[in-house]
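Structure first, then comments.
Whatever order the structure lists ligands and atoms in, that order sets their numbers, starting from 1.
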Amino acid sequence: MNISFPEFQSGSVWMVGAGPGDAKLLTLYAYHALQQADVIVHDALVSDDILKLAPPDCVLETMGKRGGVKSPKQQDITDRLIELANEKKKVLRLKGGDPFVFGRGAEEALPILKENIPVRIIPGITAGIAGSAYAGVPVTDGACNQVISFVTGHDQSGKVPGVNWQALAQSSPVIVFYMPMKHIDIIQTELLKAGRDPKEKVCVVSNATTDQQKHIICDLENCFIEIEKSDMKSPAIMIIGPTVDLAHQLAECF
Ligand code: SAH
């Protein structure tokens, strides 16, 4: 393989997207970074299969924010990354999915740059795209949508996000929610109030792309009850829109 990668310098931080779970979805760039790192500071969402790819002498530290679980403060994570870089380590900050998609990538990178520590961002495959795909749901389809929206199910304080539901519902045929589980009842109510068809299909995919992947498809009007009954757990994404109808034909492709 003839690809030239930049040098992973001691005393720098590489912020790498690990994808949604399946190790096969790592980018070559991420794989290369894993081979070079002295220390990997990873999110709670990064799968064991991926961490196993690190060399035996590489130190692994878990440091990730996780809804509902006691997790380190953002400041603590940044401080630790700065500390390790100042010890002249090759510091790999490994994040689930893509660092810049609901991943606080910029929030972590900016204070590190302020300390004159070099940072390199390596994008990853985001759960909203690959997770949907693994359930057979394309996020766009020529016959269905020209617009797609990625929405977080809750803001940083855990509250329902300040979304203009009317505008969202009317302008975006396909909507992918990250972190939907906490407020599915409100998401359902708001989308119906904003005029979405009660019979429109919703797909929820949990632990997408891993061995524990589960998905259910139900109608918007009863998705809250159906998801409660299904015992699906986080991490999960929720897709609503006409492309969900394609899952019956495409789910077998993964
Ligand atoms: N930066 C990540 C998103 C982090 S926010 C990315 O680009 O994918 C965390 C949320 O991502 C989870 O609550 C869930 O909504 C989603 N997520 C991450 N991994 C997932 C997985 N394997 N299956 C389903 N959802 C996942």
Side-chain angles (χ1 to χ4, degrees), residues 14-27 29-30 33 40-51 62-69 71-72 74 77 92-109 121-139 148-161 163 174-184 186-188 202-217 223 227 230-240 244 247 251 254:
W14 281 19
M15 193 172 288
V16 178
D22 184 348
K24 297 188 289 300
L25 294 178
L26 269 185
T27 64
Y29 206 169
I40 297 177
V41 180
H42 62 90
D43 262 4
L45 275 181
V46 175
S47 71
D48 286 345
D49 283 352
I50 288 173
L51 295 173
T62 315
M63 247 195 163
K65 296 177 84 71
R66 195 76 207 271
V69 179
S71 37
Q74 195 60 48
I77 300 174
L92 198 164
R93 174 65 172 134
L94 194 57
K95 287 175 158 296
D98 182 279
F100 280 180
V101 181
F102 302 126
R104 297 172 183 257
E107 277 168 78
E108 273 177 37
I121 311 282
I122 300 176
I125 298 183
T126 190
I129 293 177
S132 305
Y134 269 50
V137 179
V139 289
I148 165 174
S149 298
F150 293 113
V151 182
T152 174
H154 57 78
D155 66 15
Q156 292 185 2
S157 61
K159 298 205 187 86
V160 187
V163 169
V174 176
I175 309 170
V176 180
F177 287 93
Y178 288 68
M179 299 164 270
M181 300 306 254
K182 193 168 175 198
H183 297 308
I184 282 195
I186 298 172
I187 294 171
Q188 175 186 326
V202 166
C203 178
V204 175
V205 196
S206 67
N207 287 301
T209 82
T210 73
D211 293 345
Q212 286 95 49
Q213 174 172 322
K214 284 210 279 182
H215 81 270
I216 63 162
I217 293 178
C223 71
I227 291 157
S230 73
D231 200 28
M232 306 263 286
K233 299 252 171 358
S234 287
I237 48 160
M238 171 174 159
I239 315 115
I240 169 168
V244 175
F254 291 88

Heavy-atom contact under 4.0 Å between Gly131 and ligand 1?
no

Taking atom 9 (C) of ligand 1 as the reference point, the nearest protein heavy atom with its distance
Leu45 CD1, 3.7 Å

Residue pair Val101, Phe150: steps toward the side chain to side chain contact (heavy atoms under 4.5 Å, CB included) verdict
CA-CA 9 Å; Val101 181; Phe150 293 113; 5.5 Å; no

I'd like to know if the side chain of Lys182 reaches the main chain of Gly158, judged simply by a donor and an acceptor atom lying under 3.5 Å from each other, with no hydrogens or angles considered.
yes

For Ile187 and Phe177: C-alpha separation, side-chain torsions, deciding distance, then whether side chain to side chain contact (heavy atoms under 4.5 Å, CB included) applies.
CA-CA 9 Å; Ile187 294 171; Phe177 287 93; 3.6 Å; yes

Winner among Ile129, Thr126, Ile125 once heavy atoms are compared against atom 7 (O) of ligand 1
Thr126

Asp98, any N or O under 3.5 Å of ligand 1 N or O
yes

Give me the residue, atom name and distance of the protein heavy atom closest to atom 3 (C) of ligand 1.
Val101 O, 3.4 Å

Does an N or O from Val205, backbone or side chain, lie closer than 3.5 Å to an N or O of ligand 1?
no

Gln213 vs Asp22, side chain to side chain contact (heavy atoms under 4.5 Å, CB included): CA-CA, chis, key distance, verdict
CA-CA 10 Å; Gln213 174 172 322; Asp22 184 348; over 6 Å; no

Heavy-atom nearest neighbour of atom 2 (C) of ligand 1 within options Gly124, Gly103, Gly96, Gly153
Gly96

So is Met179 polar-close to ligand 1, meaning N/O to N/O under 3.5 Å?
yes

Students should be able to answer this: which protein heavy-atom is nearest to atom 11 (O) of ligand 1, and at what distance?
Tyr178 CD2, 3.5 Å

Could a heavy atom of Thr210 be found less than 4.0 Å from some atom of ligand 1?
no

Sub-4.5 Å side-chain heavy-atom contact between Val174 and Ile239
yes

Minimum side-chain heavy-atom gap Cys223-Met238 below 4.5 Å
yes

Donor-acceptor contact below 3.5 Å, side chain Asp43 vs main chain Gly96
yes

Starting from atom 24 (C) of ligand 1, locate the nearest protein heavy atom and write down its residue, its atom name and how far away it is, to 0.1 Å.
Pro235 O, 3.4 Å

Residue and atom name of the nearest protein heavy atom (relative to atom 18 (C) of ligand 1), distance in Å to one decimal
Ala127 CB, 3.5 Å

Decide yes or no for Ile50 and Leu94: does some side-chain heavy atom of the first lie under 4.5 Å from some side-chain heavy atom of the second?
yes

Should Asn207 and Lys214 count as side-chain neighbours, where that means a heavy-atom distance under 4.5 Å?
no

Distance from atom 4 (C) of ligand 1 to nearest protein heavy atom, with residue and atom
Phe102 O, 3.3 Å

Considering heavy atoms of the protein only, find what lies nearest to atom 23 (N) of ligand 1 and give residue, atom and distance to 0.1 Å.
Ala208 N, 2.8 Å

Taking side chain as C-beta onward, heavy atoms only, is His42 less than 4.5 Å from Thr62?
yes

Regarding ligand 1, does Pro20 bring an N or O atom to under 3.5 Å of one of the ligand's N or O atoms?
yes

At what distance is the nearest protein heavy atom to atom 14 (C) of ligand 1, and which residue and atom is it?
Ala236 O, 3.3 Å

Which of the numbered atoms in ligand 1 are under 4.0 angstrom from any heavy atom belonging to Ile237?
15 (O), 24 (C), 25 (N)

Beyond-backbone contact of Pro123 with Thr27, side-chain heavy atoms, under 4.5 angstrom
no

